[in-house]
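Comments concern the structure below.
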Amino acid sequence: HQQLFEKHLVLLRDGRTLIGYLRSIDQFANLVFHQTVERIHVGKKFGDIPRGIFIVRGENVVLLGEIDMDKPCDTVLQQVSIEEILEEQRLQQQAKQETEKVKMQVLKDRGLSIPKADNLDEY
Amino acid sequence: PEHTSVFLSNLYSFSFKKKKKQPTATLTVQLTLACVSAPQLFYSFFKSLVGKDVVVELKNDLSICGTLHSVDQYLNIKLTDISVTDPEKYPHMLSVKNCFIRGSVVRYVQLPADEVDTQLLQDAARKEAMQQKQ
């Protein structure tokens, strides 16, 4: 099958991006990835962490895409080392948590609360 | 978001972008309920839209524009020639042309208003709801 030799990209429900060779897929979107790389994006920088072989349970899959080798992608993005991207990510998460905290407090003061989408049960 | 909608989180909901007009809340709720009581209805509905350009908004707030290639019984969607509509704060998708989207993560499917006969759809949904009651 043509699909089994192209590099694929999968977005997971927890926000992670995995890139690798898709070796198998079933009706539940369970996936087997070979030579997987976890790509972390922060702003215009990105870093790749090699992960080996991954089995992804279908319920965690958001989107699965075929990577088109012809489409240019290195124009805006800058690849950095793993340590650097992890540090950038940590800072980004910190900033996000701060704004979330403020937002939650504001909502709480008004008697409102918004459930987070990724914790909801499967339909 | 600019479209009116009842936020029924883990059910599919559809909004029709009719230029600047907003869909009625009742229509949205009806269609959402129809999705649970008549799953085949929307499967058939989407099958009739294959080849059209749609925008799929996911529960993680990502919006993807593309041509509807296929749909299955779980309302999983395959899009071709995709582009991320909102500001490209999702750079990972730059080199992806075709994608498969799991039905359970879709929040909205935005359709061109002229492709949809709203009246027909509403009648079909109502009919299904009546059948369910019996």
Side-chain angles (χ1 to χ4, degrees), chain A residues 2-3 6-19 22 25-31 37-46 48 56-79 92 114-123, chain B residues 1 5 7-13 32-37 39 42-43 55-66 69-85 87-109:
Chain A
Q2 187 62 18
Q3 276 188 328
E6 306 273 327
K7 261 209 165 148
H8 279 76
L9 171 155
V10 63
L11 291 180
L12 302 178
R13 282 219 320 236
D14 63 4
R16 276 190 274 193
T17 307
L18 298 180
I19 297 176
L22 182 64
I25 181 169
D26 67 6
Q27 72 267 40
F28 304 110
N30 291 329
L31 311 170
V37 146
E38 179 182 335
R39 181 163 288 184
I40 302 178
H41 283 272
V42 181
K44 291 224 155 69
K45 304 189 186 155
F46 75 92
D48 286 347
V56 182
R57 188 180 159 89
E59 61 173 323
N60 298 294
V61 171
V62 169
L63 175 156
L64 176 63
E66 241 173 72
I67 295 199
D68 199 352
M69 288 306 173
D70 308 321
K71 252 191 170 188
C73 62
D74 305 317
T75 41
V76 271
L77 301 178
Q78 174 206 6
Q79 180 159 19
Q92 192 191 45
I114 297 179
K116 291 180 70 176
D118 56 287
N119 294 334
L120 299 170
D121 292 331
E122 282 282 359
Y123 163 53
Chain B
S5 64
F7 201 98
L8 293 162
S9 42
N10 55 348
L11 297 177
Y12 303 106
S13 58
T32 318
L33 292 174
C35 212
V36 184
S37 56
F42 280 98
Y43 174 39
V55 179
V56 181
E57 184 177 321
L58 308 178
K59 288 180 183 170
N60 65 357
D61 293 338
L62 177 61
S63 274
I64 304 174
C65 174
H69 175 268
S70 61
V71 66
D72 67 11
Q73 48 165 320
Y74 302 110
L75 302 186
N76 293 330
I77 292 171
K78 272 204 178 143
L79 295 177
T80 55
D81 279 327
I82 60 169
S83 59
V84 180
T85 52
E88 309 255 355
K89 45 181 194 162
Y90 299 98
H92 6 268
M93 308 287 299
L94 286 182
S95 31
V96 180
K97 272 226 308 243
N98 312 323
C99 73
F100 161 91
I101 302 173
R102 203 167 192 271
S104 59
V105 303
V106 172
R107 184 185 289 146
Y108 302 126
V109 177

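Quick note on labels: first sequence line is chain A, next is B, and so on, each numbered from 1. Predicted model, so just to flag it, every value in this text is computed and none were measured.
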Exercise for the section: Kindly indicate whether the side chain of B:L62, heavy atoms from C-beta on, has any atom under 4.5 Å from the side chain of A:L11. Expected result: yes
Practice task
Could you list the residues that satisfy side-chain hydrogen bond (donor to acceptor under 3.5 Å, both in side chains) with B:D72, not counting sequence neighbours?
Solution key: B:N76
Completion exercise
Heavy-atom nearest pair, B:Y74 first then A:Q27, reads CE1-O, 4.2 Å
Handout entry: Under 4.5 Å from any heavy atom of chain A - which part of B:I101
Key = both
Problem - Contact origin within A:I67 toward chain B - heavy atom pairs under 4.5 Å - result: both
Handout entry: Heavy-atom closest contact (B:V96 atom, A:G65 atom, distance)
Key = CG1-CA, 3.6 Å
Handout entry: All side chain to side chain contact (heavy atoms under 4.5 Å, CB included) counterparts of B:S70, not counting sequence neighbours
Key = B:K78
Practice task
Quick one: pull up OG1 in B:T80 and CD in A:E66 and give me the separation to the nearest 0.5 Å.
Solution key: 11.0 Å
Handout entry: Beyond-backbone contact of A:L63 with B:N60, side-chain heavy atoms, under 4.5 angstrom
Key = no
Problem - Distance-minimising heavy-atom pair for A:G58 and B:R102 - result: O-NE, 2.8 Å
Practice task
Give the minimum heavy-atom separation between B:V105 and A:V62, together with the two atoms involved.
Solution key: CG2-O, 3.4 Å
Practice task
Pick one of side chain, backbone, both or neither for B:I64, based on which atoms fall under 4.5 Å of a heavy atom in chain A.
Solution key: side chain
